[in-house]
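All remarks here apply to the structure that follows.
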Amino acid sequence: MNVYEVKSMAQRLEGNAYPGRGIVIGKSQDASSAVAAYFIMGRSANSRNRIFTEKNDAVYTEPFDVSKVEDPSLIIYAAIRKIGRNLIVTNGDQTDTIYKGLAAGMSFDEALTSRCFEPDPPNFTPRISGLMTFADGDFTYKMSILKSGDEDGSFCNRFGFHYVPKAGLGHFLHTYVCDGNPIPTFQGEPERVSIPNDIDAFTQEIWNALDENNKISLYVRYIDLATGKETSRLVNKNK
């Protein structure tokens with residue numbers, strides 16, 4: 001096994017009907033851009049009734065058909081927010097927890113100590129989070145997964161990963177290994193993936209590789225490290 005092996009997102013997602021929600025953070029091949037991507041999937045009607053919207057540099061999950069919303073608590077949240085030189089990306093309302101923690105002078109890891117996995121037995125969906133911090137024409141990034149330590153959800157295990165970016169390399173963290181009942185949670189370190197220079201190519205690669213029945217929305221942002229200019233792509237299955 002080569003622990004340094006880098007695969008494309010298409011290869012990582014191939015044949016996987018349900019990796020759940022996923023975060024990718026890394027640097028483009030030409031080292032010019034910081035890159036973040038986030039996608040959501042769903043099996044139930046409640047989960048599938050969603051879209052991404054972008055407002056004031058933030059990205060939100062919102063209901064596609066408000067009349068069909070059953071339980072908004074775990075499906076409606078701010079997925080991406082900015083604070084100072086930081087960009088937060090998560091799969092739940094811990095985005096706001098991290099935002100408030102950073103505003104109060106806490107670190108990314110400290111802010112997340114107040115949270116644990118989602119209260120959705122028997123799956124106990126992990127909370128996955130990422131933080132990009134920009135300075136001096138470059139950035140560093142951190143990722144976190146909070147997951148149940150047993151099948152009863154009796155305690156929370158916390159795993160953090162801190163990265164120095166490398167051109168063409170990203171890390172992919174997702175909530176589930178694959179489909180199942182209960183759904184098996186992600187195992188090990190974030191997976192190493194290749195990051196191309198072109199945002200449209202990367203967006204299409206991810207979207208086309210996600211399972212057609214279960215994919216819902218995808219958001220990709222490229223940030224020019226020299227100028228700070230942001231370019232984004234947003235794809236919703238529900239239109």
Side-chain angles (χ1 to χ4, degrees), residues 1-16 19-41 59 79-80 82 85-91 98 107-109 112 126-145 147 158-178 186-210 218-235:
M1 179 179 177
N2 180 4
V3 297
Y4 298 110
E5 182 179 22
V6 179
K7 294 184 178 181
S8 68
M9 281 296 293
Q11 290 172 320
R12 292 293 186 192
L13 292 168
E14 182 180 11
N16 191 343
R21 286 165 272 175
I23 296 171
V24 183
I25 300 177
K27 182 181 278 190
S28 62
Q29 182 64 51
D30 62 8
S32 68
S33 299
V35 177
Y38 178 58
F39 66 79
I40 59 173
M41 306 180 77
V59 177
I80 298 175
K82 292 171 66 175
R85 296 182 176 181
N86 302 285
L87 182 69
I88 306 164
V89 186
T90 91
N91 74 324
I98 297 168
S107 70
F108 173 71
D109 300 294
L112 284 168
R127 291 191 186 272
I128 57 174
S129 307
L131 179 72
M132 306 169 75
T133 301
F134 296 85
D136 303 320
D138 208 347
F139 73 109
T140 57
Y141 60 102
K142 302 175 182 178
M143 303 184 88
S144 165
I145 181 168
K147 53 192 291 187
R158 305 168 186 278
F159 302 88
F161 309 91
H162 297 193
Y163 297 105
V164 175
K166 179 182 178 182
L169 176 66
H171 288 88
F172 174 34
L173 181 59
H174 43 105
T175 51
Y176 307 124
V177 174
C178 58
F186 183 87
Q187 303 292 317
E189 297 182 17
E191 298 164 346
R192 294 161 63 92
V193 295
S194 55
I195 307 287
N197 296 329
D198 184 80
I199 186 173
D200 290 311
F202 195 45
T203 302
Q204 291 170 13
E205 178 186 0
I206 298 173
W207 186 249
N208 291 340
L210 289 169
L218 167 66
Y219 182 85
V220 181
R221 182 180 294 184
Y222 274 52
I223 303 163
D224 189 294
L225 292 169
T227 66
K229 180 183 178 181
E230 299 175 352
T231 305
S232 63
R233 297 290 184 268
L234 190 156
V235 186

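A donor-acceptor pair under 3.5 Å is formed between the side chain of Ser28 and the backbone N or O of Ser33. At distances below 3.5 Å, not a single donor-acceptor pair connects side-chain atoms of Gln29 with backbone N or O atoms of Asn197. A side-chain donor-acceptor contact under 3.5 Å links Asn91 to the backbone of Pro126.
The structure places CZ of Phe202 at 7.5 Å from OG of Ser194, a figure rounded to the nearest 0.5 Å. Distance check: Ile145 CD1 to Thr175 OG1 gives 8.0 Å after rounding to the nearest 0.5 Å. From Leu112, atom CG reaches atom CZ of Phe108 across 5.0 Å, with rounding to the nearest 0.5 Å. Atom-to-atom distance recorded for Ser32:OG and Ile223:CD1 is 11.5 Å, nearest 0.5 angstrom. Distance check: Lys166 NZ to Arg192 CZ gives 6.5 Å after rounding to the nearest 0.5 Å. In this structure, the separation between CG on Leu210 and CG on Leu13 is 5.0 Å, given to the nearest 0.5 Å.
Contact of the Gln187 side chain with the Lys147 side chain is registered, since non-hydrogen atoms from C-beta on lie closer than 4.5 Å. Under the 4.5 Å side-chain criterion, counting only non-hydrogen atoms from C-beta, His162 is in contact with Asp109. The shortest side-chain heavy-atom distance between Tyr222 and Asp198 does not fall under the 4.5 Å cut-off. Looking only at side-chain heavy atoms (C-beta outward), Arg127 and Thr90 stay at 4.5 Å or farther from each other.
Shown here are the ring-ring contact (aromatic ring centres under 6.0 Å, His included) partners of Tyr141, two or more places apart in sequence or in another chain: Phe139, Tyr163, His171. Judged as a side-chain hydrogen bond (donor to acceptor under 3.5 Å, both in side chains), and not counting sequence neighbours, the contacts of Ser107 are Glu110. Partners of Asn208 by side chain to side chain contact (heavy atoms under 4.5 Å, CB included), not counting sequence neighbours, listed by chain and number: Gln204. By the side-chain hydrogen bond (donor to acceptor under 3.5 Å, both in side chains) test, Asn16 pairs with no residue at all, sequence neighbours left out.
Counting only residues at least two apart or in different chains, salt bridge (Lys or Arg N to Asp or Glu O under 4.0 Å) contacts with residues 3-16 are absent. Sequence neighbours left out, the pairs with a member in residues 21-31 that pass salt bridge (Lys or Arg N to Asp or Glu O under 4.0 Å) are Arg21-Glu118, Lys27-Asp138.
Enclosure of atom CG in Asp136 is not indicated, since only 12 or fewer non-hydrogen atoms of other residues, nucleotides or ligands lie within 6.0 angstrom. Within a 6.0 Å radius of CD in Glu230, more than 12 heavy atoms belonging to other residues, nucleotides or ligands are found.
Nearest approach of Ile80 to Tyr219, heavy atoms of both residues: CD1-CD2, 3.5 Å. Taking both residues in full, the closest heavy atoms of Ile206 and Ala37 are given as CD1-CB, 4.1 Å, listed atom of the first, atom of the second, then distance. Closest heavy-atom contact between Phe134 and Ala34: CE2-CB, 3.6 Å.
Exactly one residue among Val24, Ile128, Leu173 makes a side chain to side chain contact (heavy atoms under 4.5 Å, CB included) with Met143. That residue is Leu173. Test Phe39, Tyr38, Phe186 against His174 for ring-ring contact (aromatic ring centres under 6.0 Å, His included) and you get one pass: Phe186.
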Run the side chain to side chain contact (heavy atoms under 4.5 Å, CB included) check on Leu87 and Arg221 step by step: do they pass? CA-CA 11 Å; Leu87 182 69; Arg221 182 180 294 184; 3.5 Å; yes

